[in-house]
Amino acid sequence: MRFGLVGVFSNLILYLVFLGITWLGVDPKLAMTILYATGVLQTFFVNRRWTFSHAGSPTRSFCRYLLLHLGCYLLNLALLYWLVDNAQLSAPWVQAGAVLLNAGLLFLAQKYWVFTKSSL
């Protein structure tokens, strides 16, 4: 439930900013890159403490968190490249789908790899 609240609030704000800056003419991949970095930094601290109540090593969990988000970022970038640049699909719809896909992947990986007791 907490992960959902953090994710919905954070992703909604970032998605609205994505729509706004791409409407102004910023390339969708550049917009996603900037916003992704912003979201990763802001949600680490909230997810570590509030969502998963992780008391382990912040350094180790942050390294895992960054690796996880790098993988999801690359997936998101690939989806934008393939589906927007090549297949000519709508960037807002592709990005919305990527957010939902990544949310599921991020939750599972954070629960079972990033913020586990074994990462103490």
Side-chain angles (χ1 to χ4, degrees):
M1 181 67 136
R2 290 180 181 186
F3 182 82
L5 289 173
V6 171
V8 166
F9 182 71
S10 177
N11 281 307
L12 178 61
I13 290 170
L14 294 171
Y15 183 69
L16 292 174
V17 173
F18 174 85
L19 292 176
I21 63 178
T22 55
W23 181 79
L24 292 172
V26 175
D27 178 74
K29 293 177 294 306
L30 176 60
M32 184 273 299
T33 299
I34 294 166
L35 295 171
Y36 207 94
T38 303
V40 167
L41 293 175
Q42 96 183 27
T43 58
F44 172 75
F45 298 103
V46 177
N47 279 328
R48 181 174 180 268
R49 287 289 181 195
W50 188 62
T51 304
F52 295 102
S53 301
H54 186 255
S57 167
T59 303
R60 184 172 179 164
S61 60
F62 188 67
C63 287
R64 288 180 175 195
Y65 197 80
L66 287 178
L67 285 173
L68 170 62
H69 277 277
L70 176 62
C72 285
Y73 165 79
L74 293 173
L75 173 61
N76 199 150
L77 187 63
L79 289 170
L80 286 172
Y81 176 74
W82 291 327
L83 298 176
V84 175
D85 292 351
N86 291 328
Q88 302 299 309
L89 297 178
S90 168
W93 286 107
V94 171
Q95 185 61 24
V99 166
L100 294 174
L101 174 63
N102 278 339
L105 295 171
L106 289 167
F107 174 75
L108 292 172
Q110 286 178 56
K111 181 173 178 147
Y112 296 109
W113 184 57
V114 175
F115 298 119
T116 63
K117 293 191 187 313
S118 65
S119 64
L120 296 175

Hey, could you give me each pair passing salt bridge (charged side-chain N to carboxylate O under 4.0 Å, His left out) that has a residue in residues 20-43? Not counting sequence neighbours.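 As it turns out, the salt bridge (charged side-chain N to carboxylate O under 4.0 Å, His left out) pairs with a partner in residues 20-43, which skip direct neighbours, are Asp27-Lys29, Lys29-Asp85.
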How would you list all residue pairs meeting salt bridge (charged side-chain N to carboxylate O under 4.0 Å, His left out) that involve residues 41-51, not counting sequence neighbours?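 Qualifying pairs, neighbours excluded: none.
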Do the side chains of [X] and [Y] join up, straight or via other hydrophobic residues, at under 4.5 Å, putting them in one cluster?
{"X": "Leu5", "Y": "Leu108", "value": "no"}
{"X": "Leu79", "Y": "Leu106", "value": "yes"}
{"X": "Ile34", "Y": "Val94", "value": "yes"}
{"X": "Leu35", "Y": "Leu80", "value": "yes"}
{"X": "Leu105", "Y": "Phe115", "value": "yes"}

What distance separates [X] [atom1] from [Y] [atom2], expressed to the nearest 0.5 Å?
{"X": "Lys111", "Y": "Thr116", "atom1": "NZ", "atom2": "OG1", "value": "11.5 Å"}
{"X": "Trp82", "Y": "Leu89", "atom1": "CH2", "atom2": "CG", "value": "13.5 Å"}
{"X": "Asn47", "Y": "Phe107", "atom1": "CG", "atom2": "CZ", "value": "10.0 Å"}
{"X": "His54", "Y": "Arg60", "atom1": "NE2", "atom2": "CZ", "value": "9.0 Å"}

Are the side chains of Trp113 and Leu67 in touch, meaning some heavy atoms are under 4.5 Å apart?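 They are in contact (side-chain heavy atoms under 4.5 Å apart), so the answer is yes.
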Do Thr43 and Tyr65 have side chains that approach each other closer than 4.5 Å (heavy atoms only, starting at C-beta)?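 The answer is yes; the side chains approach within 4.5 Å.
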Pairs under 3.5 angstrom only: tabulate donor-acceptor contacts from the side chains of residues 11-22 to other protein residues two or more places apart or in another chain.
| unit_1 | atom_1 | unit_2 | atom_2 | d |
| --- | --- | --- | --- | --- |
| Asn11 | ND2 | Gly7 | O | 3.0 |
| Tyr15 | OH | Pro92 | O | 2.8 |
| Thr22 | OG1 | Phe18 | O | 2.8 |
| Thr22 | OG1 | Leu19 | O | 3.2 |

Please work out whether the ring planes of Phe62 and Phe44 are parallel, tilted or perpendicular, with thresholds of 30° and 60°.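 Correct class here is perpendicular.
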Under the rule for side chain to side chain donor-acceptor pair (under 3.5 Å), what residues qualify as partners of Tyr73, not counting sequence neighbours?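 Residues passing side chain to side chain donor-acceptor pair (under 3.5 Å) with Tyr73: Thr33.
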N/O donor-acceptor pair under 3.5 Å between Ser61 side chain and Ser57 backbone: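 Yes, Ser61 side chain to Ser57 backbone: donor-acceptor pair under 3.5 Å.
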Sort and list the pairs that fulfil side chain to side chain donor-acceptor pair (under 3.5 Å) and have at least one residue in residues 87-102, not counting sequence neighbours.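 The answer is Asn76-Gln95.
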Could you pull out the closest heavy-atom pair between Arg2 and Trp50, with the gap in Å?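 That would be NH1-O, 2.7 Å.
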Partners passing side chain to side chain contact (heavy atoms under 4.5 Å, CB included) against Ala109 (at least two apart in sequence or in another chain):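 Scan of Ala109 (side chain to side chain contact (heavy atoms under 4.5 Å, CB included), adjacent residues dropped) gives Leu68.
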